[in-house]
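Worksheet: one structure, shown below.
Along the sequence shown, residues carry numbers from 1. Just so it is clear, the values below take in all heavy atoms, side chains as well, and ignore hydrogens, waters and symmetry mates.
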Amino acid sequence: MSARILVVDDQPANVRMLEAKLQAEYFDVCTAHDGPSALSVANSEQPDLILLDVMMPGMDGYETCRRLKAENRTRHIPVVMVTALDQREDRINGLEAGADDFLTKPVDDVTLFARVRSLLRLKAVLDELRYRDQGGALAGIVSDPAELDGGKAEAVIITPDAKAGARYNDAMPEGVSGRCVTAPGEAVEAVAVRCDIALIDLSHTGFDGLRVCARIRSMPKTRQMPLIAIINSDDTPSAVRALDLGVNDILHRPVDAQELAARLRTQLRRARYADKLRNRLDESLEMAVIDPLTGLHNRRFLSARLNHAVESANVGGAPVSVLIADIDHFKRVNDTLGHEAGDAVLKVFAERLGSDLRALDQAARYGGEEFVVMMPGAGLAEAQIAAERLRRVISETPFQVDGIGEVPVTVSVGLAQLHAGESVESLLRRADAALYEAKTEGRNRVQAAVNAAA
């Protein structure tokens, strides 16, 4: 995986060393030598990751990180602090400033590149979600992951050591409730049932926590769940393997309670932000095929499905029939009762239409007061029975409209069955002609198209 990485350090020798290492791994590198220039370069170059020194004159790394995370254009860039400092206060300050990790000089190359690859994979996922969420900021989605902090969360602690599990549970931040699982065979099930984040202890021999990580990542339901691995400080191979398997963060023993809480909060914020983006994407995809007023599918969706059904029928598949239903004198409802009443009539009509169909049938609002139903596997006689049933369901019970009361509604229906070799356009044209005939014959009736395809 190639990417652009910004290296920030006030010592030119350190910059050259990291630049050489990164370029040897085919990363594109840009550099800065102090906090203000780092902010400027990050804003203009939009790197995929920032390696940030802590001890710099003027604006130190902590303040630089805070400002990066406060800006819309740079807050989504992962930041790894690289420093000679190795006190718990330094790590916690870095994490609370928004850093994604804290590496101590001299940096082990294997650990560095494993962490870089892990963070780049996570950023790639978020970037793809943000890219697809074209109207997110305008649609009301929060753009700042920090705004998603707080709220209740469930954590599963997976460790063979019950006492250690109890200590980790005591360190959970406010709003996060933990439960400990000591049997590997129960771990995956526990995570899948109810869990927002998992803490996996890889520091014990005889407990294959890496296999648990792999199983969690292989399951669709838990594939995106944040995982934090607890590892012995001298166990670099396990740390690298865990990151390659998809673990989001590493915590070294002995575990500091405040650092654990800080890393949990960071991962939960990121996970909630990603979930928000995914939900927004799902809503956008749904809006593309759903009519917002009636909740039925729209014309675009039905056209795609109808094309597929017609292609199948024309090569020997099941028959296809369509109904076109038009509410009688709908303009009169809008003109005399108002457009709100008209919208209410459309909603009730859609509800009755949807409740009266087979599971195979597809109904859509085709435009205005016109609705189309595709009936795969139905011949003309079966479609005619369904159309007559719909006509009765609409006409026999007046519609209830808030503030107005009962509104009598009837519907005219035209229907047609696909002929061999016929196109979608011809099928709809014949059904529409049948609808026109039903209208001219007095409305509140069903008319089948019996003429041959054009």
Any side-chain heavy-atom pair of Leu68 and Val79 under 4.5 Å: yes
Residues which pass salt bridge (Lys or Arg N to Asp or Glu O under 4.0 Å) with [X], listed by chain and number, not counting sequence neighbours:
X	result
Arg194	Glu154
Asp53	Lys105
Asp10	none
Asp108	none

All pairs passing ring pair (Phe, Tyr, Trp, His ring centres under 6.0 Å) where residues 350-371 contributes a residue, at least two apart: Phe349-Phe371
From Arg217 atom CZ to Arg223 atom CZ, the distance as rounded to the nearest 0.5 Å: 9.5 Å
Point-to-point distance, once rounded to the nearest 0.5 Å, from CZ of Arg253 to OG of Ser233: 10.0 Å
Between the side chains of [Y] and [X], is the shortest nitrogen-to-carboxylate-oxygen separation below 4.0 Å, so that they form an ion pair?
X	Y	value
Asp48	Lys123	yes
Glu351	Lys347	no
Glu25	Lys21	no
Arg91	Asp101	no

Any side-chain donor near an acceptor of the partner, Asp161 and Thr159, under 3.5 Å: no
Asn43 versus Ser40, side-chain donor and acceptor atoms under 3.5 Å: no
Minimal non-hydrogen separation, Asp361 against Pro376, with atom names: OD1-CD, 4.0 Å
Side-chain donor-acceptor distances from residues 310-320 under 3.5 Å, at least two apart:
residue	atom	partner	partner atom	Å
Asn314	OD1	Gly421	N	2.9
Asn314	ND2	Val310	O	3.3
Asn314	ND2	Glu422	O	3.1

Over 12 non-hydrogen atoms of neighbours within 6.0 angstrom of CD in Glu89: yes
Ser423 side chain to Ser426 backbone, donor-acceptor under 3.5 Å: yes
